[in-house]
Amino acid sequence: MSRVWIYDTTLRDGTQGEGISLTVDDKLKIATHLDKLGVDYIEAGWPGSNPKDLEFFQRCHTLQLTHAKITAFGSTRRVGINVEDDPNLQSLIAANTDVITIYGKTWSFQVEEALRTSLESNLELIYDSVRYLKSFNREVIFDAEHFFDGYKQNQEYAISCLLEAQRAGADSIVLCDTNGGSLPHEIAAAVTDVCGKLQVPVGIHTHNDGELAVANSLVAVSAGATHIQGTINGFGERCGNANLCSILPNLMLKMGKQCLRAKEDLALLTSTAHYVSEIANVPPSRSQPFVGASAFAHKAGMHVNAIAKNPETYESISPDQVGNHRRILISELSAGDNLVYKANELGFQVDRQNPKTRKMLQEIKDLEYKGYQFESAEASLELLIYETFAPEADRFELLSFRVTSERSPMQESLAEAQVTLRINSHVFRSTATGLGPVNALDHAMRKALATEYPSVNSTHLVDYKVRVLDGSDGTAAKVRVLIETTNGVHSWTTIGVSENIIEASCEALVDSFEYFLIKFDAKHARGELAESVSV
Ligand SMILES: CC(=O)SCCNC(=O)CCNC(=O)[C@H](O)C(C)(C)COP(=O)(O)OP(=O)(O)OC[C@H]1O[C@@H](n2cnc3c(N)ncnc32)[C@H](O)[C@@H]1OP(=O)(O)O
Ligand SMILES: CC(=O)C(=O)O
């Protein structure tokens, strides 16, 4: 099995993506995580660029990495300056890493337009810089910037830049599709040609401007590249870099390449992707291949029917290979098997012929017709399952509510809610105020529930979304409210639908409390409940 070296540049090219900014501590944490995943190189920044990167290279030596090599990044020397006087090269050496990567121009157009120097002088920049860095006994990687555009315009010159880097002692040479505009067949032809001309290992670094960064990286490997540069989640300049979260499973599971420290490390991919998203404060994309929440989410009834027989019918790999998991969505497109799968997950042994299963499926389809959307509100869906198969799980019932909202010139707006709840066969009434009607309802319900279930006070709302279902009805339109609640450990989403936004909100709030009490209230844990239920 042939080896492909994985070079992660999330901390350098990834931070060139719009909206991505990492502190030094963030970078240190991500580096530790990438090392656990088993990447071979972590390109951590440009020490000559800013104080943050400088501090990173001072502090990274305290990290206890077990596998990855930290790499400092910079450019070839400036035109008209000796290597000894070039602040960028000096900062690369001062970073004191075992590996240094420098990029140099290989596209004659760029040499003339951006560097404003002669083609000959650029060859000297490359040679001098690589040779100088090699004299410090570092592993030196040469990134051939704009190589594929250069190869198209002036092939001989582009290749001569690579040969110059090799002559100066570069340990590997990485071909960059810097503008991200190349097509797979162009990459394949150029990489094949270069691999036949160089003695050192060849790498690939692609950008995603044509949505082809992953495909271009994979064809480069097929053509002989043995080193891939990319980022977690595809973060990077403009449309991003090649996404390692897609490259790794393809290389390891489909192309049979040996990557990372061990094959099993691939199971850390999903958690790494989410960790990096979290630290970068970029919401993870649900539809991201392999690691996204929807990557193994099955919705269509026909698919779920086949999945139940053999998951390979609708999955190209098994989710656990990349640390993800299968999800079965329930919606109007569901069949009995969707519900059976979900009910089984909750501990109810039911089959699709069970009249309760059929009845519930019909109820879900009717509710979705009215505007509910259960795939966005899994907690409300689970409550329907409990209601069907374990009605005794019910913790309370909202008997009635009343909300008033006032605003006068003399005082700030104030809302008041009165609720009547049945809790364990006792009726409780409570009244509370709030900044708005939903806040007041939340306070009033919480107050009544806390008499029996004080743990409800550990929950709070984190998101509230409302969507008009048919705008043509104006202010009389039906709305769908989705509420996300957390207890600090778990979060869950519930739904309410009505022409009255307060009623829709109230329905979602009731579900939110009910779900918490059934699932997480210590006295009424789900496990105990499911065990006690025979369906
Ligand atoms: C393809 C890539 O993604 S490469 C990585 C790009 N990343 C970054 O630029 C982020 C970090 N960069 C920075 O912090 C700053 O650009 C610095 C500190 C490196 C340099 O800043 P400044 O000294 O102000 O230079 P500035 O960026 O304006 O100019 C770049 C100069 O480098 C030259 N240059 C660009 N690439 C190269 C190269 N590979 N080799 C030699 N010189 C180069 C340019 O021609 C320009 O020269 P000029 O001043 O004679 O026109
Ligand atoms: C080196 C680099 O980041 C590029 O050419 O895109």
Side-chain angles (χ1 to χ4, degrees), residues 7-18 20-22 41 43-54 56-57 71-83 85-92 95 100-119 121-130 132-133 140-151 158 161-162 164-165 170 172-182 187 203-210 213 216-217 220 227-231 234-242:
Y7 183 108
D8 181 281
T9 177
T10 307
L11 302 182
R12 197 277 297 174
D13 218 342
T15 61
Q16 288 176 218
E18 185 172 3
I20 310 250
S21 175
L22 301 172
Y41 298 90
E43 185 175 83
W46 182 319
S49 165
N50 57 68
K52 208 195 266 180
D53 279 2
L54 205 57
F56 177 91
F57 286 104
T71 307
F73 178 86
S75 78
T76 52
R77 74 164 166 80
R78 293 286 170 87
V79 175
I81 301 183
N82 290 328
V83 282
D85 301 325
D86 187 279
N88 162 55
L89 290 180
Q90 293 311 316
S91 63
L92 284 171
I100 296 175
T101 299
I102 51 165
Y103 79 96
K105 306 279 182 202
T106 58
W107 183 8
S108 46
F109 164 74
Q110 273 271 343
V111 175
E112 282 156 354
E113 286 300 314
L115 284 190
R116 301 273 159 107
T117 192
S118 68
L119 299 187
S121 142
N122 179 53
L123 292 178
E124 286 166 14
L125 302 188
I126 296 172
Y127 181 84
D128 293 352
S129 308
V130 173
Y132 181 64
L133 295 175
V140 176
I141 297 174
F142 179 71
D143 276 3
E145 195 194 17
H146 293 113
F147 174 76
F148 296 95
D149 295 308
Y151 187 83
C161 294
L162 309 183
E164 211 55 11
S172 10
I173 292 181
V174 178
L175 310 180
C176 303
D177 186 29
T178 308
N179 289 1
S182 301
I187 299 273
I204 181 79
H205 173 119
T206 59
H207 279 264
N208 205 28
D209 303 67
N216 284 343
S217 303
H227 160 136
I228 287 198
Q229 300 193 348
T231 61
F235 293 164
E237 187 92 29
R238 304 183 308 277
C239 310
N241 282 59

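What you see below is based on every heavy atom in this structure, not just the backbone, and it leaves out hydrogens, waters and symmetry mates. Both counts, for ligands and for their atoms, begin at 1 and track the order of listing. Since the model is a prediction, treat every value here as computed from it, not as a measurement.
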- Any residue meeting side chain to side chain donor-acceptor pair (under 3.5 Å) with Asp128, in chain and number order, not counting sequence neighbours: Arg77
- Between Thr76 and Asn88, what is the shortest heavy-atom contact and its length? O-ND2, 4.0 Å
- Determine yes or no for a side-chain-to-main-chain donor-acceptor pair under 3.5 angstrom, with Asn179 supplying the side chain and Asp149 the backbone. no
- To the nearest 0.5 Å, what is the distance between CG (Leu92) and OG1 (Thr71)? 11.0 Å
- Counting only N and O atoms by type, is there a donor-acceptor contact under 3.5 Å from the side chain of Asp143 to the main-chain atoms of Val174? no
- Message: So which atom in Arg116 and which in Glu113 form the shortest heavy-atom distance, rounded to 0.1 Å?
- Response: NE-O, 2.9 Å
- Note on the structure: Residue shell for ligand 1, any heavy atom closer than 4.0 Å, reads Arg12, Gln16, Trp46, Gly48, Ser49, Phe73, Ser75, Thr76, Arg77, Arg78, Tyr103, Gly104, Lys105, Ala114, Leu115, Glu145, Thr178
- Query: Going by atom types only, do Thr206 and Ser217 share a side-chain donor-acceptor pair under 3.5 Å?
  - Reply: yes
- Query: Is it the case that Tyr103 and Thr178 place a side-chain donor and acceptor less than 3.5 Å from each other?
  - Reply: no
- Can you pull the residues with any heavy atom under 4.0 Å from ligand 2? Arg12, Asp13, Asp143, Glu145, Cys176, Thr178, His205, His207
- Message: Suppose we screen for side chain to side chain contact (heavy atoms under 4.5 Å, CB included). Which residues come up paired with Glu237, at least two apart in sequence or across chains?
- Response: Asp13, Gln16, His207
